[in-house]
Amino acid sequence: MTDASATPTPSEAPAQEPEQDSAEPIERKSFLSWLSVGWIAFAAATGGFFTMMGRFMFPNVLFEPPQSFTIGFPDDFQIGVVDERFKDSRGIWVVRSYDGLYALSTVCTHLGCTPNWLITDNKFKCPCHGSGFRKSGINFEGPAPRPLERYKVTLTEDGQVFVDKSVKFQYEKGQWDLPGAILKV
Amino acid sequence: MLELIKNTIDFLSQPSISLTMILVAFPFVFPPTEKFDVWHRKLKLHKIWTKQGGLIGLVFITLYFFLGFTDEHFSLILKKPDNVPIIFIIYSVLFFLWLSMYQAYENDKRMAAGEPVAEYYPAKEKVLVWPDLVFIEFIALILMTVFLLIWSIALPAPLEQAANPTLSPNPAKAPWYFLGLQEMLVYFDPWIAGVLFPSLMILGLMAIPYFDRNKEGSGYYSFAQRRKSIFIFLYGWLVLWIFPIVVGTFFRGPNWNFFGPFEEWSVAKVVALSNVNLSDYIWVKMLRIGLPSNPLIRESVGIVFILAYFGVIPIVLARGKLRALLEKLGPIRYGLIVFLALAMMLLPIKMYLRWTLNLKYIIAIPEAFFNI
Ligand code: FES
């Protein structure tokens, strides 16, 4: 539609003979060997780079808070109350119901935000995409596909509550009935 | 009076209502077939793509934002530094939409009258790339830099406290260009809304030259010659991408609840919802026998539903309405196009199911993190 055809295109110019270089022509064989040297060097450099990158995945020191800890005596927790004292420091909510005491993970099962406990609505509500969880951890609204995870709770010898975050109990796998998912007190 | 207007806008802005209005209006504004075009012209909607129409639209949007700036609640959202680009985006998207549609409609008129399109005539004035164009570009570059500098000084990025993994701001919003994806995450699992759909979008856009072999409309603007392609593209761009960004920016408040633009963002707003999976509907509410323990049996209805959606519909369409398309493009192209179109329809379908039936997932296998 435009007048591009009116301007002469370079391809119409007579094709030129390839210039005879004054320098030595490169032999096919030596070209190939240089090529392989180049590729090997490139692969080695890239490989080294990725090895070093991979090394970063395993840091020398890990500043992780301890995964298991005591949180006080069972009587420190009131029945029916969601205890938020350990949310920031340990990443758990401690809930005591009539059945017993359990520790809920503060990680939303949808995409990992931290929900808020809304005391007036009696639910955990995630600010990212609106998932809601009941006090028990069961998901009932929004996109979260499964309930909050629970951590293992046991009693120490002196009667304190001991939480082990390395052991999780997932409802959808039927693990909430296993010993340790809830502490009968 | 003003209150009434604001309340009406709040009411109409609810995603369930606004999306319905957009979806209903869409084929009339961008008629994909001749039949719709008749209505399009009867309703005088083609006037939008004239100079007066553009001007009226501009005035309306500006009035809307003006109303927003004077409102105590809406102005808080509009003036938020994060949201300034979205106001730009609304203006620029609509302006360029109008500009291209205006040129397309002008050309359609010319072609209907048997005249050549506007792009046929060579430009009256010609300039050289060097120095003219390069200079203009250089000046544009400097002006843009100045603009960005002033913007970043006038509206500095907020400096907040050190990151704390146990504290998500409420509402926690993605950067504005990702808010559409975040809105999709409300309805889908992360692997679908965050991985599958974005990949389909990119691959689908890349595949357009492979699908679209219509030579008409190449090198000049035209709507009448490529109604369906433009309709599909604009559906994806405006309804599936821009609309969710606007919803995510303006209408999502604390706890990711929905708020009308003039409504106060109150953390205390309670929206009682109880979302249920399709399997719960079937086994618990209809059959009253409780969920089977085997996840595949439990979700069989949803699985059949999804397989039928992507497997049966293309075949039915190939026998009926889209037979001509199949013959023109061949089975592979046809299959891919219909698959992508069905995927594009899945988002609004899922949204409506959530809004009307409180349906959480059609297939819900949390054991394997597979939910649709
Ligand atoms: S991360 Fe909690 S709802 Fe998406």
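Order of the sequence lines sets the chain letters (A, B, ...), proteins ahead of strands, with each chain counted from 1. Side chains are part of it too, since the values below use all heavy atoms of this structure and drop only hydrogens, waters and symmetry mates.
- Annotation: ring-ring contact (aromatic ring centres under 6.0 Å, His included) contacts of A:Phe58 (sequence neighbours excluded): none.
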Derivation and outcome, side chain to side chain contact (heavy atoms under 4.5 Å, CB included), residues B:Asn170 and A:Lys125: CA-CA 10 Å; B:Asn170 191 6; A:Lys125 184 77 174 165; over 6 Å; no
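- Of the two parts of A:Arg134, only the side chain, counted from C-beta on, holds a non-hydrogen atom closer than 4.5 Å to a non-hydrogen atom of chain B.
- The candidate from A:Pro115, A:Gly142, A:Cys113 with the greatest count of non-hydrogen atom pairs under 4.5 Å with chain B is A:Gly142.
- A 4.5 Å side-chain heavy-atom check between A:Pro145 and B:Phe370 finds every atom pair outside the cut-off.
- The number of heavy atoms from other shown groups lying within 6.0 Å of OH (B:Tyr221) does not exceed 12.
- With a 4.5 Å cut-off on non-hydrogen atoms, A:Asp121 touches chain B through its side chain but not through its backbone.
- With B:Gln182 contributing its side chain and A:His129 its backbone, the two residues share no donor-acceptor pair below 3.5 Å.
- Looking at B:Arg252, there are no atoms closer than 4.5 Å to chain A (heavy atoms on both sides), in backbone or side chain.
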Donor-acceptor pairs are to be reported for all side-chain atoms of residues 178-185 of chain A against protein atoms at under 3.5 Å, with residues two or more places apart or in another chain.
none

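- Of the listed residues (A:Ser131, A:Ala144, A:Pro127), the greatest number of heavy-atom pairs within a distance under 4.5 Å of chain B belongs to A:Pro127.
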Test log, rule side chain to side chain contact (heavy atoms under 4.5 Å, CB included), inputs B:Asn358 and A:Glu141: CA-CA 9 Å; B:Asn358 276 325; A:Glu141 65 179 354; over 6 Å; no
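- Remark: A:Leu118 CG to B:Asn255 CG distance equals 5.0 Å, nearest 0.5 Å.
- For A:Tyr171, the OH atom is loosely surrounded, since the number of other residues' heavy atoms within 6.0 Å does not exceed 12.
- Within 6.0 Å of NZ in A:Lys152 there are 12 or fewer heavy atoms belonging to other residues, nucleotides or ligands.
- When heavy atoms are compared at a cutoff of 4.5 Å, B:Pro169 approaches chain A solely by way of its backbone atoms N, CA, C and O.
- Other residues, nucleotides and ligands contribute more than 12 heavy atoms inside 6.0 Å of the CG atom of A:Leu32.
- Taking the side chain to side chain contact (heavy atoms under 4.5 Å, CB included) definition, one finds that A:Asn60 meets it with A:Arg55, sequence neighbours left out.
- At a heavy-atom separation below 4.5 angstrom, chain A is approached by B:Leu185, B:Val186, B:Phe188, B:Asp189, B:Pro190 within residues 184-192 of chain B.
- Here the CH2-SG distance, from B:Trp256 to A:Cys126, works out to 10.0 Å after rounding to the nearest 0.5 Å.
- To the nearest 0.5 Å, atom CZ of residue A:Arg146 and atom CD1 of residue B:Ile365 are 14.0 Å apart.
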